[in-house]
Amino acid sequence: MTTYEEFIQQNEDRDGVRLTWNVWPSSRIDASRLVVPLACLYQPLKERPDLPPIQYEPVLCTRSNCRAILNPLCQVDYRAKLWVCNFCFQRNPFPPQYAAISEQHQPAELIPGFSTIEYTITRAPTMPPVFVFLVDTCMDEEELDALKDSLQMSLSLLPPNALVGLITFGKMIQVHELGAEGCSKSYVFRGTKDLTAKQVQDMLGIGRGAAPGPQQQQQMPGQPAGAAAPVPPAHRFLQPIGQCDAALGDLLSELQRDPWPVPQGKRYLRSTGAALSIAVGLLECTYPNTGGRIMTFVGGPCSQGPGQVVDDELKHPIRSHHDIHKDNVRFMKKAIKHFDALALRAATNGHSVDIYSCALDQTGLLEMKQLCNSTGGHMVMGDSFNSSLFKQTFQRVFARDGRNDLKMAFNATLEVKCSRELKISGGIGSCVSLNVKSPSVSDVEIGMGNTVQWKLCTLNPSSTVAYFFEVVNQHAAPIPQGGRGCIQFITQYQHPSGQRRIRVTTLARNWADATSNVHHISAGFDQEAAAVLMARMVVYRAETDEGPDILRWVDRQLIRLCQKFGEYSKDDPNSFRLSQNFSLFPQFMYHLRRSQFLQVFNNSPDETTFYRHMLMREDLTQSLIMIQPILYSYSFNGPPEPVLLDTASIQADRILLMDTFFQILIYHGETIAQWRALKYQDMPEYENFKQLLQAPVDDAQEILQTRFPMPRYIDTEHGGSQARFLLSKVNPSQTHNNMYAYGQVSFVATADGGAPVLTDDVSLQLFMEHLKKLAVSTTT
């Protein structure tokens, strides 16, 4: 008999699914009493190299308002060649090509191991992906040269059939022609004017009216290779990389920084908003509803035209959290409106927007965030285009799988089907609602609701979406015991090779009566999934609500959960106990309350936006690391071991490695740091010390090799200025307030029990004491 932990892990490995509850409550009121909603994290493109290649179309339920796909949970009558839909119980005949099936000879989609399966639609036309490079030229020569090198490198990583285009911008915007022989031609636009897609189309002379020859008028599908292939309307601006590799390489190498003079005390005039508008318009009128990426590289804030976030006077700094709180923001609302409208246009057409922002100051990610959040594009934040952080991250965008295809999917739609007893409350992730109404849409909206379909313009294997469900049966008529509820995820997407593919995941869980069998339900609680899903809900609310209100909401939910599932005697905090699969949840919530997702102190609005963006797209393991960083300890006493994220773990004779997802930090304790300063590691008799210093560096390199985006690497020691990154994350069990407790002198406290942190933050121990008091109290 497998344990729940093994069951949860198997399901994640096979289907890319983690549910908050693995046994479902059988009525609406029971579900609401569980505090944590019935929800799941789903990775549509979970890497499954073992899946069979299926070259036929899926079999659909014949009921027009169901259209669920045949799966291993359906009942099958092999003699009559019928199958019963597990969502609407319609009896469906198998299509003629299934005539030979029997219990011994089953099609792949009925085999229980293939609850996730992928179909390749061979009759759909194949379309190559489109990549548009949108390059900011307002930066110094060194930065621009480094960026040019990275762009040249990326050309060799694109699939040979991919279409590419180049738009550069500074004060003016230039759309470059790729087919011009002998001289480089570009169309120049003013950076202060916003253009519609129609205006861009007319000015660039693309589209039917401006086509110079009849061959551009009609694009005949399936022409023989000998006939002159029709030239697509935007051929001058978007060409297959195989044809324009040399021309584009030359264009990139000749790129110069923006020629407009910048007077003393002024900023560059940078037209990011208008340039993005032209890029979105270009793809909208040439390749609507086809996979495309606009890869935007910005070296500073938009300082003129639509989407302006700051003026060109250097004495006026870009907005801070304090300014936003005081409503002292001149440009913010208008800029957000501009970029939100662009994000919606791009998402509707299936195009994603990546933003690679490298500058020492803010560049306006806060205003531009919906461009990445709605379209699934990457948001990467660095200090310089010349840093390994940017270069390696950008290279990893074009990572390939075992079959040498790019690890990305384009223009996907994800549809959720569920049993009659469930309704869909909404989704939270890098997607937009397609507003497809259905009887299974819930009135209770969590995240993006009122739909059963969402658009995901681009996906990679770690992309994860959260979906929330509501149990609809009334308490008086609960679902009979022994039944199972089902959910099906259908993801249609464009593969990098150009094929249309459909990934189908079907799952089922048992119903249980929460009044008589609450222990069955609580045993199936997945505290890690619950922590990540609660974090997504909280961060989604944080975009609109005030900080203190959100923290109060988190605290209320946590107290209610402890009251429901804790074992205790009334009004006796010492009697409070939580079972093993709930015991870490309060700790996750404690770290979430302190995290940079909710505490904006010491972070710029752009940084907060970047951190929240990553939490909304990454899978469960990475999200948990963001919420509660991992700490490993290295010492002479044995192999490296995970230790508590606590001040008590900071010892003088240890090296610590902390992974916060965004940073990898190596901290040398006081004694180790002194030995290192005296160069003991270079003396042959201290070989073991040299190995101890090297061990965390090797482990850090392993993480740095695989993580996307590449984290910041910090090497620090006791008393070093960058030790603050560690001290701000650990639980302050020892502070200046209690380090003299029990009559100890300060020195003893530090030598044995870790390092005190100078903070007034509440420690986890105190947090838990208060939580126990409130949970057992008869008045709360």
Side-chain angles (χ1 to χ4, degrees), residues 16 42-47 118 126-134 154 157-159 161-165 238 276 279-280 282-284 287-297 339 342-356 368-380 393-401 405-415 427-434 448 453-466 489 491-503 610 613-614 616-619 622 708-709:
Y42 177 52
Q43 282 173 265
L45 277 200
K46 174 93 178 167
E47 287 189 273
E118 190 161 279
T126 63
M127 286 299 294
V130 187
F131 293 86
V132 174
F133 294 117
L134 185 59
S154 71
L157 301 176
L158 290 173
N161 64 337
L163 299 171
V164 288
L238 298 168
L276 272 160
V280 169
L282 173 66
L283 283 185
E284 194 174 320
Y287 291 98
N289 221 16
T290 300
R293 281 193 107 98
I294 297 170
M295 306 182 102
T296 314
F297 303 87
F339 289 118
L342 282 182
L344 189 62
R345 275 171 56 194
T348 311
N349 285 293
H351 303 138
S352 66
V353 182
D354 299 339
I355 299 177
Y356 304 91
M368 296 192 280
K369 66 180 176 217
Q370 274 324 111
L371 286 164
C372 301
N373 293 352
S374 294
T375 67
H378 297 303
M379 187 187 284
V380 173
T393 299
F394 185 51
Q395 201 169 339
R396 279 175 210 169
V397 172
F398 303 101
R400 293 183 177 243
D401 61 17
D405 288 317
L406 287 179
K407 286 188 185 180
M408 56 173 90
F410 300 92
N411 194 22
T413 54
L414 200 158
E415 182 173 3
I428 297 181
S430 295
C431 55
V432 287
S433 158
L434 282 173
M448 288 167 268
Q453 286 187 19
W454 290 262
K455 181 86 150 186
L456 301 103
C457 300
T458 182
L459 288 165
N460 58 13
S462 68
S463 301
T464 306
V465 192
F489 300 100
T491 313
Q492 301 198 32
Y493 69 91
Q494 180 184 327
H495 189 259
S497 63
Q499 300 165 331
R500 283 301 297 167
R501 294 198 179 182
I502 301 178
R503 172 84 67 113
F610 169 63
H613 166 83
M614 292 312 300
M616 291 302 206
R617 64 179 296 149
E618 279 300 322
D619 61 25
Q622 309 300 341
F708 181 91

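One-based numbering along the sequence shown. The figures here come from the full heavy-atom set of this structure, side chains too, leaving out hydrogens, waters and symmetry mates. Here the structure is a predicted model, which is why all the values come from computation and not from measurement.
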(request) Determine whether L45 and S463 make a side-chain contact, defined as any pair of heavy atoms from C-beta on separated by less than 4.5 Å. (result) no
(message) To the nearest 0.5 Å, what is the distance between CD1 on I502 and OG1 on T491?
(response) 9.5 Å
(message) Return the CG to CD distance between L414 and Q492, rounded to the nearest 0.5 Å.
(response) 10.0 Å
(message) Tell me the closest heavy-atom pair linking A412 and L459, and the distance in Å.
(response) CB-CD1, 3.9 Å
(request) Measure the CG-CD distance between N460 and E618 for me, rounded to the nearest 0.5 Å. (result) 7.0 Å
(message) Tell me whether E284 contacts the main-chain N or O of R345 through its side chain, where contact means a donor paired with an acceptor under 3.5 Å.
(response) no
(request) Looking only at non-hydrogen atoms, find the nearest pair between F410 and P496 and report the distance. (result) CE1-CA, 4.1 Å
(request) Calculate, to the nearest 0.5 Å, the distance between atoms CG and CD1 belonging to L283 and I294 respectively. (result) 5.0 Å
(request) State the CG-NE2 distance between N289 and H351, to the nearest 0.5 angstrom. (result) 7.5 Å
(request) For residues T375 and S352, report the shortest heavy-atom separation together with the two atoms involved. (result) O-CB, 3.4 Å
(message) So if I apply the side chain to side chain contact (heavy atoms under 4.5 Å, CB included) rule between M368 and each of V353, T296, L276, L342, which one comes out positive?
(response) L276
(request) Spell out, as yes or no, whether a donor-acceptor pair under 3.5 Å connects the side chain of T458 to the backbone of A409. (result) yes
(message) Looking at K46, is its backbone amide N or carbonyl O close enough to the side chain of R503 to form a donor-acceptor pair, meaning the two atoms are under 3.5 Å apart?
(response) yes
(request) Write down the atom of H613, the atom of H378, and the distance for their closest heavy-atom approach. (result) NE2-C, 4.3 Å
(request) Would you give the length of the straight line joining atom CD of E415 to atom CH2 of W454, rounded to the nearest 0.5 angstrom? (result) 9.0 Å
(message) Quick check on side chain to side chain contact (heavy atoms under 4.5 Å, CB included): which of D354, V164, V132, I355 does M295 satisfy it with?
(response) D354
(request) Please answer whether the main-chain N or O of A343 pairs with a side-chain N or O of Q370 as donor and acceptor at a distance below 3.5 Å. (result) no
(message) For the backbone of S462 and the side chain of R617, can you confirm whether one donor and one acceptor N or O come within less than 3.5 Å of each other?
(response) no
(request) Apply side-chain contact (heavy atoms from CB on, under 4.5 Å) to the pair M379 and K369, showing each step before the final yes or no. (result) CA-CA 8 Å; M379 187 187 284; K369 66 180 176 217; 4.1 Å; yes
(request) Check P461 against Q43 and note the closest heavy-atom contact, atom names and distance. (result) O-NE2, 3.1 Å
(request) Please report the closest heavy-atom contact between V432 and S374, naming both atoms and the distance. (result) CG1-CB, 3.5 Å
(request) Evaluate the criterion side-chain contact (heavy atoms from CB on, under 4.5 Å) for residue pair M614 and Q622; output intermediate values, then yes/no. (result) CA-CA 9 Å; M614 292 312 300; Q622 309 300 341; over 6 Å; no
(message) In the structure I gave you, are the side-chain heavy atoms of Y287 and N411 within less than 4.5 Å of one another anywhere?
(response) no
(message) Angle between ring planes, F297 versus F133, binned at 30° and 60°: parallel, tilted or perpendicular?
(response) tilted
(message) Check the orientation of F398 and F394. Use parallel for under 30°, tilted for 30 to 60°, and perpendicular for over 60°.
(response) perpendicular
(message) Which label fits F489 and Y42: parallel for a plane angle under 30°, tilted from 30 to 60°, or perpendicular past 60°?
(response) parallel
(request) Using the side chain to side chain contact (heavy atoms under 4.5 Å, CB included) rule, pick out the option among N373, V465, I428, T464 that qualifies with M616. (result) I428
